2 protein chains.
Amino acid sequence: MARLKEFNEEDALDKAIEIFWSKGYNGTSAQDLVTHLGLSRSSLYDTFGDKHSLFIKALQRYQKKSYDDIAGLLQKSTNIKETIKEMFAQAILESFEDKITKGCFMVNSTVELAIHDAEIEKVVNDNRLKMEEVFFLAVKRGQELNQISSATDPRLLARFIFNNYSGIRVLARSTGTPKQVFDDVLKVLLSVL
Amino acid sequence: MARLKEFNEEDALDKAIEIFWSKGYNGTSAQDLVTHLGLSRSSLYDTFGDKHSLFIKALQRYQKKSYDDIAGLLQKSTNIKETIKEMFAQAILESFEDKITKGCFMVNSTVELAIHDAEIEKVVNDNRLKMEEVFFLAVKRGQELNQISSATDPRLLARFIFNNYSGIRVLARSTGTPKQVFDDVLKVLLSVL
DNA sequence: TTAATTTCAGAATGAACGTTCCAATTTAAT
DNA sequence: ATTAAATTGGAACGTTCATTCTGAAATTAA
């Protein structure tokens, strides 16, 4: 009965992830969104509601994508320690690619918004719990397979891995950090497993 | 010959650190600064120039204070590993205090601004290098004193410690993170030293 | 072809933004 | 006392902000 949308909603959300990831919530203006998403103000507001709603949707989509990515890799892995190494190596490499997105959108949002925005805090905490769980199960399996040292409780190792993941995502937000720094951190991290 | 300032410039800077630390650069308005610093717009702008200049001054002051704090502790320490443990334990405890400042102002600024602001990036990189150096010297001494395992190059351990420090500062920006999570990370970290 | 419905581009909105200005006030040396 | 310089509170500035509105264009079932 009515005119069709000229854009794909998921593609637009991916664009929103990009620009929020790059500039943060407060650093991204409505005009930035219009420009980067390539749609008009009216379409933007009709489709996604206000800026805050759009941000939440973008962050939730990012959470699901990055979680599924990591969970997928670890679940199908036959060499857990090697997979963890590749995961980190990948995150490190990505931070040296020439994209506007550096670091991690979830880490950025945690730092910028979690203490002031209950809705964001919930997404952030859910993410931490899910990531911890997927690392926990992976480490536990790695220990059973004798690929990871059983000297330390897998719960602790899971939290430790997540912490180092956050750490390198912070380092990645500064262009000046040499790759060797990341590699050194990863090397020590792996020596614990 | 002229009227005297009614406020202390360093106290005002400390207040600026607080509010920028809590709300970020883009999240802090000129009105926020006026309210939190307790001085008028004219005094604020006459004394510190514009918002960006004030932010840089605040961040540099924070850098010096936090660096001096950590460097002081490590340099006078007779038990390096124990001092590192106390340092982290202190950072963890502070994140559970009822203050508006959570996490680390330097980490926050890295995440929010480093890729878009060359001046901030310089402060951030200088800080990383200085922190790495102070950790490096401490670890080296700790190894010489047989307080820290010599299995790993002190440079790598320094970078690793800094990375975990950043990580827990991110975790600290989310009120929902249970203390046990921090404690577990610290436990694994110490097991490497 | 018509009618119903939605999207679209861009103008318009009022509020909030960072910054500047101004007149009054305070100080201390003359 | 007068003068010169600096600080002060608060009004005022133009700009940008997020959001809403308007009216034309587009679509498709009837």
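Within every chain, numbering begins at 1; the chains are lettered A, B, ... in the order of the sequence lines, protein sequences first and strands thereafter. These figures come from a predicted structure and were not determined experimentally.
Take A/Lys130 and apply the side chain to side chain contact (heavy atoms under 4.5 Å, CB included) test, not counting sequence neighbours, and it matches A/Gln63, A/Tyr67.
Of the candidates A/Phe55, A/Phe48, A/Tyr62, A/Phe20 forms a ring-ring contact (aromatic ring centres under 6.0 Å, His included) with just one, namely A/Phe55.
Of the residues in residues 7-20 of chain A, none has a non-hydrogen atom less than 4.0 angstrom from any atom of DNA chain D. Proximity of residues 24-55 of chain A to DNA chain C (heavy atom under 4.0 angstrom from any strand atom) is restricted to A/Ser40, A/Arg41, A/Ser42, A/Ser43. Listed in residue order, the members of residues 115-123 of chain B having a heavy atom less than 4.0 Å from DNA chain C come to none.
Residues A/Asn125 and A/Arg128 form a side-chain contact, since some pair of their non-hydrogen atoms from C-beta on lies under 4.5 Å apart.
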Next item on the list: Please test A/Asp126 against A/Lys122 for salt bridge (Lys or Arg N to Asp or Glu O under 4.0 Å), starting from the C-alpha separation and ending with a verdict.
Entry: CA-CA 6 Å; A/Asp126 287 354; A/Lys122 182 168 166 29; 3.1 Å; yes

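Salt bridge B/Lys81/B/Glu86: absent, no basic N to carboxylate O contact under 4.0 Å. Salt-bridge check for B/Lys65 with B/Asp69: failed, with every basic side-chain N at 4.0 Å or more from each acidic carboxylate O.
Between the B/Asn163 side chain and the A/Ile168 main chain, a donor and an acceptor come within less than 3.5 Å of each other.
The salt bridge (charged side-chain N to carboxylate O under 4.0 Å, His left out) analysis of residues 21-33 of chain B, with sequence neighbours excluded, yields the pairs B/Lys23-B/Asp32. Sorted by first then second residue, the salt bridge (charged side-chain N to carboxylate O under 4.0 Å, His left out) pairs that include residues 96-113 of chain A, not counting sequence neighbours, are A/Glu97-A/Lys99.
Ring-centre distance between B/Phe96 and B/Phe182: below the 6.0 Å cut-off.
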